[in-house]
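Side-chain atoms are counted along with the backbone in the values below, which use heavy atoms only and exclude waters and symmetry mates. All residue numbers in this chain count up from 1 along the given sequence. Since this is a predicted model, take the numbers as computed values, not measurements.
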Amino acid sequence: MAENPSVGETRVRVRYAETDQMGVVYHANYLIWFEVGRVEFIRQLGLDYKSMEREEGCGIAVVDARLRYRLPARYDDELIVQTQLIAARGAVIRFGYKIVRAADGVLLCEGETVHVVVGADMKKQALPKKYAERFAAHLIS
């Protein structure tokens, strides 16, 4: 985990299949890496998204995603996905992300996703208590 326990770090390496003919990462792959970072961040908090679905009967549906591309990632780059909680209140959770190149720390992409907690019936519900408490302890200031 990063020096700040409220920022999770996950490393990924750009695979050839994630690039275009110019060797530049296709833009939609950043959303996949946001998801990888988010799931690992939740795990780093001592929670498990899979358990949330199974034991609590709920999930977190993406309702908004925003990305800002700064510089391209390229084939075989090692990237660090930095993930943090920006807000968690009621049924709404907001995560922030930065993707940096591991070799030099250069920011390549940043963004946010907004999620709504939903039950199996896809109706909005409050975040389960143990998740809400853990998330509240790791919100950025």
Enquirer: With a 4.0 Å cut-off, would you call R15 and E18 a salt bridge?
Expert: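 A salt bridge is present here (some side-chain N lies under 4.0 Å from a carboxylate O).
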Enquirer: If hydrophobic clusters are built by linking Ile, Leu, Val, Met, Phe, Trp and Tyr wherever their side-chain heavy atoms come under 4.5 Å apart, do V36 and I80 end up in the same one?
Expert: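 V36 and I80: separate clusters.
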Enquirer: Would you give the length of the straight line joining atom CD1 of I60 to atom CD1 of I42, rounded to the nearest 0.5 angstrom?
Expert: 4.5 Å
Enquirer: How far apart are the closest heavy atoms of A65 and L31, and which atoms are they?
Expert: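 Result for this residue pair: CB-CD2, 3.9 Å.
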Enquirer: Tell me whether V25 shares a hydrophobic cluster with Y75, the cluster being built from Ile, Leu, Val, Met, Phe, Trp, Tyr side chains joined at under 4.5 Å.
Expert: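 Result: no, two separate clusters.
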Enquirer: Could you report the tightest heavy-atom contact between H115 and Y97, atom names first, then the distance?
Expert: NE2-OH, 4.1 Å
Enquirer: Is the closest basic N to carboxylate O distance between R74 and D76 below 4.0 Å?
Expert: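 No, R74 and D76 are not salt-bridged.
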Enquirer: Would E110 and I99 count as a side chain to side chain contact (heavy atoms under 4.5 Å, CB included) here? Give the steps.
Expert: CA-CA 6 Å; E110 59 189 330; I99 296 180; over 6 Å; no
Enquirer: Walk me through whether T83 and W33 qualify under side chain to side chain contact (heavy atoms under 4.5 Å, CB included).
Expert: CA-CA 10 Å; T83 307; W33 296 332; over 6 Å; no
Enquirer: Please walk me through it: do L79 and L108 pass side chain to side chain contact (heavy atoms under 4.5 Å, CB included)?
Expert: CA-CA 9 Å; L79 308 176; L108 304 179; 3.6 Å; yes
Enquirer: Can you check whether V92 reaches V114 side chain to side chain, under 4.5 Å on heavy atoms?
Expert: yes
Enquirer: Looking at every heavy atom in both E56 and P128, which two are closest together, and how far apart are they?
Expert: OE1-CB, 3.6 Å
Enquirer: Minimum heavy-atom separation for F135 to I93, with atom names?
Expert: CE2-CD1, 3.9 Å
Enquirer: Rounded to the nearest 0.5 Å, what separation is found between the CD atom of Q84 and the CZ atom of R94?
Expert: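 CZ of R94 is found 10.0 Å from CD of Q84.
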Enquirer: Would V62 end up clustered with V117 when hydrophobic side chains under 4.5 Å apart are linked, directly or stepwise?
Expert: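 No.
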Enquirer: I need the T10 OG1 to E40 CD distance, nearest 0.5 Å.
Expert: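 CD of E40 is found 5.0 Å from OG1 of T10.
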Enquirer: Does a side-chain heavy-atom distance below 4.5 Å link E9 with V81?
Expert: no
Enquirer: Could you tell me whether a side-chain N or O of E133 sits under 3.5 Å from a main-chain N or O of K130, the two making a donor and an acceptor?
Expert: no
Enquirer: Check whether V12 and L71 end up in the same hydrophobic cluster, where Ile, Leu, Val, Met, Phe, Trp and Tyr are linked by side-chain heavy atoms less than 4.5 Å apart.
Expert: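 Yes, V12 connects to L71 through the hydrophobic network.
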Enquirer: Return the minimal non-hydrogen interatomic distance between L67 and C109, and the atom names on each side.
Expert: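 Looking at all heavy atoms of both residues, the shortest contact is CD2-SG, 4.1 Å.
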Enquirer: With rounding to the nearest 0.5 Å, note down the distance linking NE2 in H138 to CG in L45.
Expert: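 That separation rounds to 5.0 Å.
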Enquirer: Find out whether F41 and L85 are in side-chain contact, i.e. whether some heavy atom of one side chain is under 4.5 Å from a heavy atom of the other.
Expert: yes
Enquirer: Out of curiosity, Y26 OH to I32 CD1, how far, rounded to the nearest 0.5 Å?
Expert: 10.0 Å
Enquirer: What about I86 and V116, same hydrophobic cluster or not, with Ile/Leu/Val/Met/Phe/Trp/Tyr joined at side-chain heavy-atom distances under 4.5 Å?
Expert: no
Enquirer: Looking at Y131 and D48, would you say the former's side chain and the latter's main chain have a donor-acceptor pair under 3.5 Å?
Expert: yes
Enquirer: Under the criterion side chain to side chain contact (heavy atoms under 4.5 Å, CB included), I'd like the reasoning laid out for T113 against F34: C-alpha separation, chi angles, the key distance, then a yes or no.
Expert: CA-CA 8 Å; T113 56; F34 283 8; 4.3 Å; yes
Enquirer: More than 12 heavy atoms of other residues, nucleotides or ligands under 6.0 Å from CZ of R68: yes or no?
Expert: yes
Enquirer: For a quick check under 3.5 Å, do R38 and Y49 share a side-chain donor-acceptor pair by atom type?
Expert: no
Enquirer: Does atom CZ of R66 have more than 12 heavy-atom neighbours from other groups under 6.0 Å away?
Expert: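 Check fails, neighbour count at 12 or below.
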Enquirer: For G23, does its backbone N or O pair with a side-chain atom of D20 as donor and acceptor, under 3.5 Å?
Expert: yes
Enquirer: Between R11 and E78, does any NZ, NE, NH1 or NH2 come within less than 4.0 Å of an OD or OE carboxylate oxygen?
Expert: yes
Enquirer: Out of curiosity, K124 NZ to M122 CE, how far, rounded to the nearest 0.5 Å?
Expert: 13.0 Å
Enquirer: With side chains defined as the heavy atoms from C-beta onward, is the minimum distance between V118 and Q125 less than 4.5 Å?
Expert: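 No. Closest side-chain heavy atoms not under 4.5 Å.
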Enquirer: Can you name the nearest heavy-atom pair linking A73 to V14, along with the distance?
Expert: CB-CG2, 4.3 Å
